[in-house]
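Heads up: the structure comes next, in structure tokens.
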Amino acid sequence: MEHILIAVAWPYANGPLHLGHIAGAYLPPDIFGRYHRAKGNRVLMVSGSDAHGTPITLRAEQEGVTPAEVVDRYHSQFLDCWRKLGISFDLFTSTSTPNHARVSQDIFRTLLEKGYIYKNSVPQQFCSNCQRYLPDRYVEGTCPLCGSSGARGDQCDSCGKPLNSTELRDPHCRICDTTPLIKESEHFFLRLSAFQELLRKWIEAQRHWRPNVLNFSLRYLDEGLRDRAITRDINWGVPVPVEGYEGKRLYVWFEAVIGYLSASIEWAGGDEAGWRPFWSGEARGYYFIGKDNIPFHTLIWPAMLMGYGGLNLPYNVPANEFLTIQGRQLSTSRNWAVWLPEYLKSYDPDPLRYYLSANMPEGGDTDFSWQQFYSRNNDELVATYGNLVHRVLTFVHRHYSGEVPRPGTIDAGGQALLNKAAATLDTVDRALAECHFREGLRAAMALAQEGNRYLESRAPWKSVATDREGTGTSLYVAMSVISCLKTVLYPYLPFSSTRLHQYLGLEGSVEDPWEWQRPTPSRGLPGPSALFAKLDAKGIEAEVSRLEASP
RNA sequence: GGCAGCGUAGCUCAGAGGCAGAGCAGGGGCUUCAUAAGCCCUGUGUCGUGGGUUCGAAUCCCUCCGCUGCCA
């Protein structure tokens, strides 16, 4: 039995989830977690809402509500999405808990005592009217590069260039329009430069990482790590635990990654014997994130852990690339996105899980199109897998009074299929252990095709009139294969596997053993119904035009 | 502007020096248990462009074009 920590990227609680989030960071860890639980390993899968940061405070100020209200709204929406999509967190918390603040401050203090955090003075925009320092996004002005007005202190949306707020021409406060002054402000910095060589040595040893993650991280090191400010002049966030700095907060990028640890501690109710086995010794930590988050998880968080000491570094960071939508880059500001709450109003969770697994952006960007979604649902999920299950189970009901047929001697053809099923269990096992999700799904679907071929060759609808026992044997073999599919597809398609587990009259729970359960002969079965619904192709056009109608 | 990645069949994507692959779509046939589902047969692809290395390049190197990302 192993301890597997599954650390999942923390979604920003300032907007709804879209399919890019799911394909990139949320579906893969769920598949991985369900697999490991079925294998009998101890799994701790944690994440939570990222409650801090200026996008949230800005949104709150624009809406005239508190940041906490914004966070609460999306946090409960996230929880609802996880439940409906079957994302099986052991704990999905938030960075606004007292526990998280305590753990973050503990790490801050320890790094400060060890000299990995130091103070420095930096120029900062200050609004004399609002009487406060302005974080980047609170300053608007004219872009020094392209000359367009309305550029923000962190970036110009017009030309897409990142900026420093002090570079803006004609800067003004986004709240009150006053022209800000530049004042010196004292901040704390993380001494990342101290970890340069340690990190390089460590990363170069991670041969099991995906090449994109490895190369990306090494490139950062080639450029040389620079120390970064970890505090801000803002009043929403985790307070800096140093006397005289009460008005400052920890920068989100420093504090949010600590959430993996603080959530583990929260999950264990603070009991060290509960959480530490996931963070030390042979325990392995897998960090599931999108590619935009790579440096935080392969460089910054490991540096923090090295400095803090006593906790495992990430074992793997299987970062995914991005999902494009109908061939175009996903954009939340232009509303070019498929929102998960919207999806879940109209469709079941498993078809999306299937599509995104089959087309997961593991090695490069991949595309989501409604056309493809419908076709994968109707032509693969329904036609190949769902129909195999349905034709076998309805046949058993009609001709064997709904009882598992008692098998006679299994011939070479049947045995060959059973061997193929056993091999598939191994293939999917290995693929999942290595986070090769697409490969595992491909292998599972290939077995479903074999099942259909076998039925075709046996034609039980013919033989049942003349050879009841032989036909029963064929059906038993087919049901055994279906049972194997139930297990290997469970991590991907938990909802339909749960139903199939019942339809097959199997013992125990669908979540339990990663093994091939055979149906019990003569057992009475509940009446089956179709595992998946076929979708009317008319829906494609409706979805596409809804997407294109958005501004 | 600098750096990196990608560009393979109508579509979505694998493959990474040794006869170009899968699924889906399309075409032909068989079947009728099943959600008009299933099975069999069916691929003339300048592997983005142009060059180079090699006995041999989709694969390695360089140029250019296009897309994406990171950085300035």
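Everything numeric in this text was worked out from a predicted model, so none of it was measured. Computed from heavy atoms alone, side chains included, the values below leave out hydrogens, waters and symmetry copies. Letters go in sequence order (proteins before strands), and every chain restarts at 1.
- Residue Ser217(A) comes nearest to Ile294(A) through the heavy atom pair OG-CG2, 3.8 Å, listed as atom of the first residue, atom of the second, then distance.
- Checked options Val338(A), Asn377(A), Leu27(A), Leu85(A); the residue passing with Leu352(A) is Leu85(A) (criterion: side-chain contact (heavy atoms from CB on, under 4.5 Å)).
- Only the P atoms considered, C47(B) is 12 Å distant from A57(B), to the nearest whole Å.
- Taking atom P on both A36(B) and U49(B), the two are 44 Å apart, rounded to the nearest angstrom.
- Of all heavy-atom pairs spanning Trp301(A) and Pro314(A), the tightest one is CD1-CG, 4.3 Å.
- Proximity of the aromatic rings of Tyr118(A) and Phe188(A) is defined here by a centroid distance below 6.0 angstrom, and this criterion is not met.
- Salt bridge annotation for Arg430(A)-Asp426(A): absent, with no cationic side-chain nitrogen under 4.0 angstrom from a carboxylate oxygen.
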List every contact pair, protein side and nucleotides 36-40 of chain B side both N or O, where the distance is under 3.5 Å.
unit_1 : atom_1 : unit_2    : atom_2 : d
A37(B) : OP1    : Lys534(A) : NZ     : 2.1
A37(B) : O5'    : Lys534(A) : NZ     : 3.4
A37(B) : O2'    : Ala383(A) : O      : 3.2
A37(B) : O2'    : Asn387(A) : OD1    : 3.3
A37(B) : O2'    : Asn387(A) : ND2    : 2.4
G38(B) : O2'    : Arg391(A) : NH1    : 3.3
G38(B) : O2'    : Glu456(A) : OE1    : 3.1
G38(B) : N2     : Glu456(A) : OE2    : 3.0
C40(B) : OP1    : Arg453(A) : NE     : 2.4

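- Checking side-chain atoms of Arg353(A) against main-chain N and O of Leu493(A) turns up no donor-acceptor pair under 3.5 Å.
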Under-3.5 Å N/O pairs linking protein and nucleotides 27-29 of chain B:
none

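- Contact annotation for Tyr220(A): backbone-only contact, meaning every heavy-atom pair under 4.0 Å involves sugar-phosphate atoms and none involves a base.
- Look at the P atom in both G52(B) and U59(B): the space between them is 14 Å, to the nearest Å.
- Distance, Leu531(A) CG to A34(B) P: 16 Å, rounded to whole Å.
- Taking the side chain as every heavy atom from C-beta outward, Thr324(A) and Thr366(A) never approach each other to under 4.5 Å.
- Following rounding to the nearest Å, Asp292(A) (CG) and C71(B) (C1') show an atom-to-atom distance of 15 Å.
- Outside the 6.0 Å centre-distance limit, the rings of Phe437(A) and Tyr35(A) are not counted as a close aromatic pair.
- In this structure, CG in Leu340(A) is found 10.5 Å from NE2 in His18(A), a value given to the nearest 0.5 Å.
- Residues of residues 393-416 of chain A having a heavy atom closer than 4.0 Å to RNA chain B, listed by number: Thr394(A), Phe395(A), Arg398(A).
- Atom pair Tyr385(A):OH and G23(B):C1' shows a separation of 18 Å (rounding to whole Å applied).
- Consecutive pairing runs in RNA chain B reach the stem threshold at B:1-7 with B:65-71, B:10-13 with B:21-24, B:26-30 with B:38-42, B:50-52 with B:60-62, where a stem means at least three Watson-Crick or G-U wobble pairs with distances under 3.5 Å.
- Leu447(A) and Thr424(A) get closest at one heavy-atom pair: CB-OG1, 3.9 Å.
- The OH-P distance, from Tyr354(A) to G23(B), rounds to 12 Å in whole Å.
- The pair Arg458(A)-Asp411(A) counts as a salt bridge, with a side-chain nitrogen and a carboxylate oxygen less than 4.0 angstrom apart.
- Salt-bridge check for Asp379(A) with Lys534(A): failed, with every basic side-chain N at 4.0 Å or more from each acidic carboxylate O.
- Trp461(A) has its CH2 atom 10 Å from the P atom of A34(B), to the nearest Å.
- Comparing G7(B) with G15(B), their C1' atoms sit 15 Å apart, to the nearest whole Å.
- Regarding Leu225(A), its CG atom lies at a distance of 14 Å from the P atom of C71(B), rounded to whole Å.
- Between Phe195(A) and Tyr116(A), the gap from one ring centroid to the other is short of 6.0 Å.
- Contact check on Arg453(A) versus Glu456(A) returns no salt bridge, with no Lys/Arg side-chain nitrogen under 4.0 Å from an Asp/Glu carboxylate oxygen.
- Straight-line distance between the C1' atoms of A9(B) and G1(B): roughly 37 Å, to the nearest whole Å.
- The P atoms of C67(B) and C30(B) are separated by 49 Å, rounded to the nearest whole Å.
- Within the 4.5 Å cutoff, the side chain of Tyr354(A) has no heavy atoms near those of the Phe532(A) side chain.
- Straight-line distance between the C1' atoms of C60(B) and U53(B): roughly 8 Å, to the nearest whole Å.
- For the pair Glu380(A) CD and G23(B) C1', the interatomic distance rounds to 6 Å; values are reported in whole Å.
- Separating the CD atom of Gln371(A) from the C1' atom of G26(B) is a distance of 14 Å, rounded to the nearest angstrom.
- As rounded to the nearest Å, G45(B) and C11(B) have P atoms that lie 15 Å from one another.
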Inset, instruction - Quick one, give me the B/S/- string for nucleotides 4-13 of chain B, reading 5' to 3', where B means a protein heavy atom under 4.0 Å from the base and S means that only happens at the primed atoms, P, OP1 or OP2. - result: S------SSS

Contacts under 3.5 angstrom, residues 471-479 of chain A side chains, donor-acceptor by atom type, not counting sequence neighbours:
unit_1    : atom_1 : unit_2    : atom_2 : d
Thr471(A) : OG1    : Ser463(A) : O      : 3.3
Thr471(A) : OG1    : Ser463(A) : OG     : 2.6
Thr471(A) : OG1    : Val464(A) : N      : 3.4
Thr471(A) : OG1    : Asp467(A) : O      : 2.6
Thr473(A) : OG1    : Gly408(A) : N      : 2.8
Thr473(A) : OG1    : Glu469(A) : O      : 3.0
Ser474(A) : OG     : Gly470(A) : O      : 3.2
Tyr476(A) : OH     : Pro519(A) : O      : 2.8

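- Between Glu439(A) and Arg442(A) there is no salt bridge, since no side-chain N of the basic residue sits under 4.0 Å from a carboxylate O of the acidic one.
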